[in-house]
Amino acid sequence: MDDQMDISSTTPSYGFQHEEEELYRADKHKNSLMDEGTDFLEREADANILDDDDILDLVGGAKDALERHSSTLPRTEEPLLNLPEPEPEPSSTSKPEPEAVKPAPSSAFGDATTKTTKSEEKDEKTRVTSKSNSCCSLVDLLYWRDLQRTGVVFGASLFLLLSLSVCSIISVISYVALALLSVTISFRIYKGILQAVQKSEDGHPFKMYLDKDIGISSELVHKYSDTTLAHINCVIKELRRLFLVEDLVDSLKFAVLMWILTYVGALFNGLTLLILGLIGTFSWPVIYEKHQAQIDHYYGLVNKQIKDVLGKIQAKIPGAKPKTE
């Protein structure tokens with residue numbers, strides 16, 4: 001009875017130890033399998049890793065195989081694949097290309113200065129162009145390039161001066177104004193009657209001139225006032241030099257000129273001189289253009305004689321020194 005109890009008491013302990021051994025063996029087998037799998041994966045990874053030399057060998061071998069295959073093909077056929085040649089590796093001795101020098105960014109002040117300079121150049125070109133255009137128009141007017149325009153200007157100026165020589169300036173202004181009004185009023189009435197008969201709506205006949213801006217700009221006034229002021233100052237300085245006898249010969253010349261003008265004033269008045277000056281202004285350029293050679297010849301002879309006479313007079317005057325040309 002006691003033996004049976006001892007056997008029954010030792011049997012569970014033996015079964016428990018057996019189960020622990022089984023679990024330990026299973027864990028060990030599992031760990032060994034995992035270690036073998038890890039080693040296998042590492043070996044596969046090492047086998048798949050190729051260095052640069054192996055890659056170049058593989059590419060070279062593939063290229064040689066393709067060349068041999070293409071040599072066996074007929075001439076009409078072309079190889080299916082052309083691998084590009086491997087690019088040569090850059091050598092360490094090759095010098096790098098110099099970088100292009102970029103222009104320095106311009107500042108806002110530089111841009112403003114450039115714009116100001118361009119605007120000044122543009123204004124200067126505009127002034128020079130307008131001045132040259134005005135000079136060309138004046139030359140064309142005096143040389144009768146446009147007969148109609150020159151005839152109108154010359155005729156109107158001559159008629160005005162002749163009218164002033166006969167009548168007073170107030171009478172001339174009144175008669176000229178009445179003549180202009182009679183022409184414009186007559187034309188306005190004529191166009192109004194014509195529009196009423198034809199039932200047209202042409203509007204005012206002088207609308208184009210009424211809408212035109214005829215105001216004098218301040219820039220134009222400043223321009224001509226500055227030019228006039230410069231000429232006035234020059235005349236004042238010259239008169240001071242002549243009257244205060246800075247140069248004795250020049251003062252004597254001026255005295256002779258004034259003495260001659262006394263006789264001219266006794267024969268002609270101011271308007272007559274203006275009329276003669278107007279006629280000479282519009283006739284002398286054309287005459288000189290046609291007979292330039294003869295006029296230059298005689299002018300040279302007269303100028304030489306005058307210089308000889310003045311030189312003799314200057315030599316006899318004490319204290320007078322000839323001017324160095």
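Sequence positions, counted from 1, serve as the residue numbers for this chain.
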List the atom of [X], the atom of [Y], and the distance in Å for their closest heavy-atom pair.
X	Y	value
Phe154	Ile279	CE1-CA, 4.2 Å
Leu278	Leu158	CD2-N, 3.6 Å
Gly280	Pro285	O-CD, 3.9 Å

To the nearest 0.5 Å, what is the distance between [atom1] ([X]) and [atom2] ([Y])?
X	Y	atom1	atom2	value
Leu274	Leu162	CG	CG	11.5 Å
Asn233	Thr228	CG	OG1	11.0 Å
Thr150	Leu141	OG1	CG	4.5 Å
Leu239	Lys237	CG	NZ	13.0 Å
Ser137	Arg145	OG	CZ	12.5 Å
Ser283	Trp144	OG	CH2	9.0 Å

What pairs with [X] under salt bridge (Lys or Arg N to Asp or Glu O under 4.0 Å), at least two apart in sequence or on another chain?
X	result
Asp211	Lys207
Lys199	none
Glu238	Arg241

Inset, instruction - Mind jotting down which residue pairs meet the ring-ring contact (aromatic ring centres under 6.0 Å, His included) criterion with at least one end in residues 246-273? Sequence neighbours excluded, please. - result: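 Listed once each, the pairs are Phe243-Phe254, Trp259-Tyr263.
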Any [X] side-chain heavy atom under 4.5 Å of [Y] side chain:
X	Y	result
Asp308	Lys304	yes
Val256	Lys253	no
Val245	Leu248	yes
Asp140	Asp146	no

Legend entry - side-chain hydrogen bond (donor to acceptor under 3.5 Å, both in side chains) partners of Arg149, counting only residues at least two apart: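 Arg149 satisfies side-chain hydrogen bond (donor to acceptor under 3.5 Å, both in side chains) with no other residue.
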Inset, instruction - Tell me, please, which residues at least two apart from Asn269 pass side-chain hydrogen bond (donor to acceptor under 3.5 Å, both in side chains). - result: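 In terms of side-chain hydrogen bond (donor to acceptor under 3.5 Å, both in side chains), with neighbours along the sequence ignored, Asn269 is linked to Thr272.
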Inset, instruction - Determine whether more than 12 heavy atoms belonging to other residues, nucleotides or ligands lie under 6.0 Å from atom CG of Leu229. - result: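 Above 12, so yes.
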Legend entry - Heavy atoms of other groups near Phe206 CZ, more than 12 under 6.0 Å: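 Enclosed: over 12 neighbouring heavy atoms sit under 6.0 Å from CZ of Phe206.
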Applying the 4.5 Å side-chain criterion to the ILVMFWY set and letting contacts propagate, would [X] and [Y] be lumped into a single cluster?
X	Y	result
Tyr143	Ile287	no
Leu257	Val249	no
Met258	Leu242	yes
Leu138	Leu147	yes

Legend entry - Any residue meeting ring-ring contact (aromatic ring centres under 6.0 Å, His included) with Tyr209, in chain and number order, not counting sequence neighbours: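 Tyr209 satisfies ring-ring contact (aromatic ring centres under 6.0 Å, His included) with no residue once adjacent residues are dropped.
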Inset, instruction - Sort and list the pairs that fulfil side-chain hydrogen bond (donor to acceptor under 3.5 Å, both in side chains) and have at least one residue in residues 187-196, not counting sequence neighbours. - result: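 Pairs touching residues 187-196 that pass the test: Arg188-His204.
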Inset, instruction - Report the hydrophobic cluster partners of Ile236, with the cluster defined as I, L, V, M, F, W, Y residues connected by side-chain heavy atoms closer than 4.5 angstrom, directly or transitively. - result: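 The other cluster members (ILVMFWY side chains, heavy atoms under 4.5 Å, direct or chained) are Ile232.
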Legend entry - For Gln198, side-chain contact (heavy atoms from CB on, under 4.5 Å) partners two or more places apart: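 Partners of Gln198 under the side-chain contact (heavy atoms from CB on, under 4.5 Å) test: Leu194, Ser200.
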Check: residues 167-187 side-chain donor-acceptor pairs under 3.5 Å, at least two apart:
from: Ser168; atom 1: OG; to: Ser171; atom 2: N; distance (Å): 3.4
from: Ser168; atom 1: OG; to: Ser171; atom 2: OG; distance (Å): 3.1
from: Ser174; atom 1: OG; to: Ile170; atom 2: O; distance (Å): 2.9
from: Ser182; atom 1: OG; to: Leu178; atom 2: O; distance (Å): 3.2
from: Ser182; atom 1: OG; to: Ala179; atom 2: O; distance (Å): 2.6
from: Thr184; atom 1: OG1; to: Leu180; atom 2: O; distance (Å): 3.0
from: Thr184; atom 1: OG1; to: Leu181; atom 2: O; distance (Å): 3.1
from: Ser186; atom 1: OG; to: Ser182; atom 2: O; distance (Å): 2.7

Donor-acceptor pairs under 3.5 Å, side chain of residues 289-301 to any protein atom, not counting sequence neighbours: which ones?
from: Asp296; atom 1: OD1; to: Tyr288; atom 2: OH; distance (Å): 2.9
from: Asp296; atom 1: OD2; to: Tyr288; atom 2: OH; distance (Å): 3.4

